[in-house]
Amino acid sequence: MNKRLILGAFLFSAVMGANAQKAMTPPAGGKAISDELIGIFFEDISSAADGGLYAELIQNGSFEFNLAERDGWGAGTAWQTIRPGHSLGYSEVRMDAPIHPNNPTYMRLNIERTKEFYDYKGWKGFGLQNQGFDGISVKAGAKYDFSVFLRHVKGEAKQVRIALVEPQGWGKDPKLLAETTITADANTWKKYEATLTASETVKNAALQILVLQNGVIDIDMISLMPEDTYKGHGLRKDLAEALAALHPKFMRFPGGCVVHGGGDGFWNTYRWKTTVGPKEQRRQLKNTWGYHQSMGLGYFEYFQFCEDLNMEPVPILPCGVSCQGANGGWNMWPHQAQDVCPMSEMDEWVQDALDLIEWANGDVNTKWGRVRAEAGHPKPFNLKYLGIGNEEKISPEFAERFKYMYEKVTKAHPEIVIVGTAGPGSHPQNPDYEAGWKLANELQMPIIDEHYYEPYKYFQESRQYDKYPRDRKTKIYLGEYASKDKKLIDALSEALYLLHVERNADIVVMTSYAPLFARKNATNWNPDMIYFDNERPYLTCSYYVQQMFGQSSGNYYYGDCVNIKDATNLQEQSVVLNAKTRQLFVKLCNASADTKTADINLSRFKGVKTAVKTTLTGQPEDENNYEKQPIAPKTETVKMQKKMSLELAPYSFVMLQISL
């Protein structure tokens, strides 16, 4: 974990904690704004879930990979047959009598040698090996929880050796890192568990499963999880800590195009009900972005993570309409390419939403509340927001189905805040944007979700929310946005834009940068906020901008406390008060090559003495990457005066955090 990140988060938390219960009356001149402005958006893109935030170390542990997902893929993808001691046998893919219909594929191991295996330097047996996602990274002394479902089919009860090893190359014996043995004797599917403790730190370990007796055995749902996950809830600790350090107020999930099937069409739509039960009963899917979703990270884990980080969950549900990119629709743009369900079947999609609300908020005596309780969470999750649709083309078919679903859900649950969509490319004069807002105004929708990705010049020059009508009842969620590169100038341009958003946080009530995560060597989209490999996260310049805004959330905005001399569109400022914690935040951005002077007047605030000053600065072309991380905030304590001037270095973003 980045030491500067930890230190900055610690200093911020210490200051906030000291004032957490001393709410104050805000001075005159402020404007009430949203205190949920900065959140995160998680989509399983660029291997963000399996091989990423979800801490599972085994790839294709349930043998469900298939050709529909990627050429050359199958049940044996990521696995290899091993036969130390020259044992004889073969594996076969089976789908008869699986653990559960949602998880139909498993592997049968046929061990045929008619006499004892040769014991080759302590190694014998027949079985399988998996090297996870570009190798399994283990730490010396760390414990790893192994589990597997086995079914004994033929022959005597079998000893099964489970080993963590470091492969040494062709023809060489692997180095043993940890091992245990289990006895498989049940003739029905049974879950077996064990704990392995690694003897060394190794980046490219593998898991071996070796059957030591002749006969036939079925195997499925192989898992290896580090015991040390974030709050013990199965998420990779360093990646979860990086998100916690952002201080997000909400999380939108599970997508994105993942929600409604992306370019694969209606059949691949994400359905939440198949992601909340026992993991061996979850229905896995082809991922929209060209790989596999195990659903080990499902709705239960998303809600649990929101609770762990004190974020509002913002689940997004499809509404009987697929992505307009389906069936080659991206090449037909802007023509209609959506698959839609008949209106006679829309009640199924409505019921999915009603059942989700019951699952999240219902008593344990309700049908879906009981499902949540059986998963280990008897208390309600207290769902507040529910999104319907994700940047669909606002076709007449979509509008009809959205309206039907919106009205049914709102009638049944008026307490739930519905988030709608403004379509792809949310800019004025875009036909979908105009149609989306027309529908929002007609329904008096609480919040509408806008998306756009633009070059950094757009974020420097646009101040679109200054001109938005103030009489609309519908508020704005800027759910996806980013400058189209990952250099410091892009991050500073995003900071300029967010300062303008903060000025308009009476109408823009939520924002989230996108995408959030990308795995090195498995990236579908650039840029992203956090890149990672098996060893660590790589935090971008944009990450640090988001972190500073997340740390400085408040509920009152003051627009007349700062004057930047000779300001252009490359300078912006914001003063925000968190009256609940008695914290005042002054944010100043200079994205130009010239030094600027900011005159600050905080006379209306009592108790201005010192500040924690955080500065992000560098050269405009600087970029954090796998080889180097030149950009990170620097934090210091400075003396403050109610009236003072502050020099803003070229290409810098400064935050002053003041305890009142």
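Keep in mind the model is a prediction, meaning the values are calculated, not measured. Values reported hereafter were calculated over all heavy atoms of this structure, with side chains retained and with hydrogens, waters and symmetry mates removed.
- Here the side chains of Leu383 and Pro315 are in contact, with some heavy-atom distance below 4.5 Å.
- Taking the six-membered ring where tryptophan is involved, the planes of Phe303 and Tyr299 are tilted, since the angle between them lies from 30° to 60°.
- Side-chain N or O atoms of Asn441 include none that pairs as donor or acceptor with a backbone N or O of Arg472 at under 3.5 Å.
- In this structure, the separation between OH on Tyr477 and OH on Tyr385 is 10.5 Å, given to the nearest 0.5 Å.
- Residue Ala48 comes nearest to Phe517 through the heavy atom pair CB-CB, 3.7 Å, listed as atom of the first residue, atom of the second, then distance.
- Ring pair Tyr302/Phe42: centre-to-centre distance below 6.0 Å.
- Pro527 and Lys486 make their closest contact through CB-CB, 3.9 Å (heavy atoms, listed as atom of the first residue, atom of the second, distance).
- The side-chain heavy atoms of Leu246 and Met529, taken from C-beta on, include a pair separated by under 4.5 Å.
- Side-chain atoms of Asn103 do not come within 3.5 Å of backbone N or O of Gln281 as any donor-acceptor pair.
- The distance from atom CZ of Phe149 to atom CD of Glu280, rounded to the nearest 0.5 Å, is 3.5 Å.
- Between Arg271 and Glu348, at least one side-chain N (NZ, or NE/NH1/NH2) sits under 4.0 Å from a carboxylate O, which counts as a salt bridge.
- Side-chain atoms of Ser294 and Glu64 include no donor-acceptor pair closer than 3.5 Å.
- Residues Asp96 and Tyr106 share a closest heavy-atom pair of O-OH, 2.6 Å.
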- Task: Decide yes or no on side-chain contact (heavy atoms from CB on, under 4.5 Å) for Val93 and Met107, but give the supporting numbers first.
- Result: CA-CA 5 Å; Val93 178; Met107 196 71 73; 4.0 Å; yes
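- Between Cys257 and Glu43, some side-chain heavy-atom pair lies under the 4.5 Å cut-off.
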- Task: Please step through side-chain contact (heavy atoms from CB on, under 4.5 Å) for the pair Leu443 and Phe402, ending with a clear verdict.
- Result: CA-CA 10 Å; Leu443 296 174; Phe402 179 93; 3.8 Å; yes
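- For Ser426, there are no side-chain hydrogen bond (donor to acceptor under 3.5 Å, both in side chains) partners two or more places apart in sequence or in a different chain.
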- Task: Check the pair Glu307 / Lys231 against salt bridge (Lys or Arg N to Asp or Glu O under 4.0 Å), numbers first and verdict last.
- Result: CA-CA 11 Å; Glu307 184 174 84; Lys231 296 194 176 183; over 6 Å; no
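- With sequence neighbours excluded, the residues satisfying ring pair (Phe, Tyr, Trp, His ring centres under 6.0 Å) with His427 are Tyr452, Tyr458.
- To the nearest 0.5 angstrom, Gln444 atom CD is 12.0 Å from Thr410 atom OG1.
- Closest of all the heavy-atom pairs between Pro318 and Met405 is O-CE, 3.7 Å.
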- Query: Does the side-chain contact (heavy atoms from CB on, under 4.5 Å) test come out yes or no for Leu235 and Leu297, once each step is laid out?
  - Reply: CA-CA 8 Å; Leu235 300 188; Leu297 178 57; 3.8 Å; yes
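- Listed by chain and residue number, Glu442 satisfy the salt bridge (Lys or Arg N to Asp or Glu O under 4.0 Å) test with Lys403 (two or more places apart in sequence, or in another chain).
- Side-chain atoms of Glu391 and Asp449, non-hydrogen and from C-beta on, never get closer than 4.5 Å to each other.
- Every residue meeting the ring pair (Phe, Tyr, Trp, His ring centres under 6.0 Å) condition with Phe65, not counting sequence neighbours, appears here in chain and number order: Trp73, His292.
- In this structure Asp355 satisfies the side-chain contact (heavy atoms from CB on, under 4.5 Å) test together with Trp272, Lys273, Gln351, Trp368, sequence neighbours excluded.
- Remark: Asn524 engages Ile45, Ser46, Trp289, Tyr291 in a side-chain contact (heavy atoms from CB on, under 4.5 Å) (not counting sequence neighbours).
- The backbone N or O of Thr275 sits less than 3.5 Å from a side-chain atom of Arg282, completing a donor-acceptor pair.
- With sequence neighbours left out, the side-chain contact (heavy atoms from CB on, under 4.5 Å) criterion links Lys249 to Glu36, His247, Ser553.
- Applying the side-chain hydrogen bond (donor to acceptor under 3.5 Å, both in side chains) criterion to Glu450, with sequence neighbours excluded, gives Trp437, Tyr465, Tyr468.
- By the ring pair (Phe, Tyr, Trp, His ring centres under 6.0 Å) test, Phe63 pairs with Trp79, sequence neighbours left out.
- When each of Leu498, Asn504, Leu496 is tested with His500 by the rule side chain to side chain contact (heavy atoms under 4.5 Å, CB included), just one qualifies, namely Asn504.
- Between Thr105 and Pro98, every side-chain heavy-atom pair lies at or beyond the 4.5 Å cut-off.
- With hydrogens and angles disregarded, no donor-acceptor distance shorter than 3.5 Å links the side chain of Ser322 to the backbone of His260.
- No donor-acceptor pair closer than 3.5 Å links the side chain of Ser34 to the backbone N or O of Ala505.
- The main-chain N or O of Asn66 is found under 3.5 Å from a side-chain atom of Glu69 such that the two form a donor-acceptor pair.
- Checked against side-chain hydrogen bond (donor to acceptor under 3.5 Å, both in side chains), Asp506 has the following partners two or more places apart in sequence or in another chain: Arg470.
- For the residue pair Tyr531 and Asn625, no side-chain donor N or O sits within less than 3.5 Å of a side-chain acceptor on the partner.
- The side-chain hydrogen bond (donor to acceptor under 3.5 Å, both in side chains) search around Lys279 returns Tyr54, not counting sequence neighbours.
- Between Leu386 and Ile416, the shortest heavy-atom contact is CB-CG2, 3.7 Å.
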- Could you go through the side-chain contact (heavy atoms from CB on, under 4.5 Å) check for Tyr270 and Gln293 one step at a time? CA-CA 10 Å; Tyr270 193 108; Gln293 289 175 279; 3.9 Å; yes
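- Separation of atoms CD1 (Ile418) and CD1 (Ile447) is listed at 10.0 Å; rounding is to 0.5 Å.
- The only option from Asp528, Asp44, Asp533, Asp134 that meets the salt bridge (Lys or Arg N to Asp or Glu O under 4.0 Å) definition with Arg519 turns out to be Asp134.
- How far SG of Cys341 is from CZ of Arg401: 5.5 Å, rounded to the nearest 0.5 Å.
- The side-chain heavy atoms of Met295 and Leu285, taken from C-beta on, include a pair separated by under 4.5 Å.
- In plain terms, the two heavy atoms of His377 and Arg372 that are nearest each other are O-NE, 2.8 Å.
- The distance from the CG atom of Asp490 to the CG atom of Asp485 is 5.0 Å, given to the nearest 0.5 Å.
- Every side-chain contact (heavy atoms from CB on, under 4.5 Å) that Ala482 has, sequence neighbours left out, goes to Tyr453, Glu494, Tyr513.
- Of the possible donor and acceptor atoms, none in the side chain of Thr523 sits under 3.5 Å from a partner among the backbone N and O of Lys520.
- Between Tyr481 and Glu454, the closest side-chain pair of non-hydrogen atoms is not below 4.5 Å.
- Phe41 places none of its side-chain heavy atoms less than 4.5 Å from the side chain of Val314.
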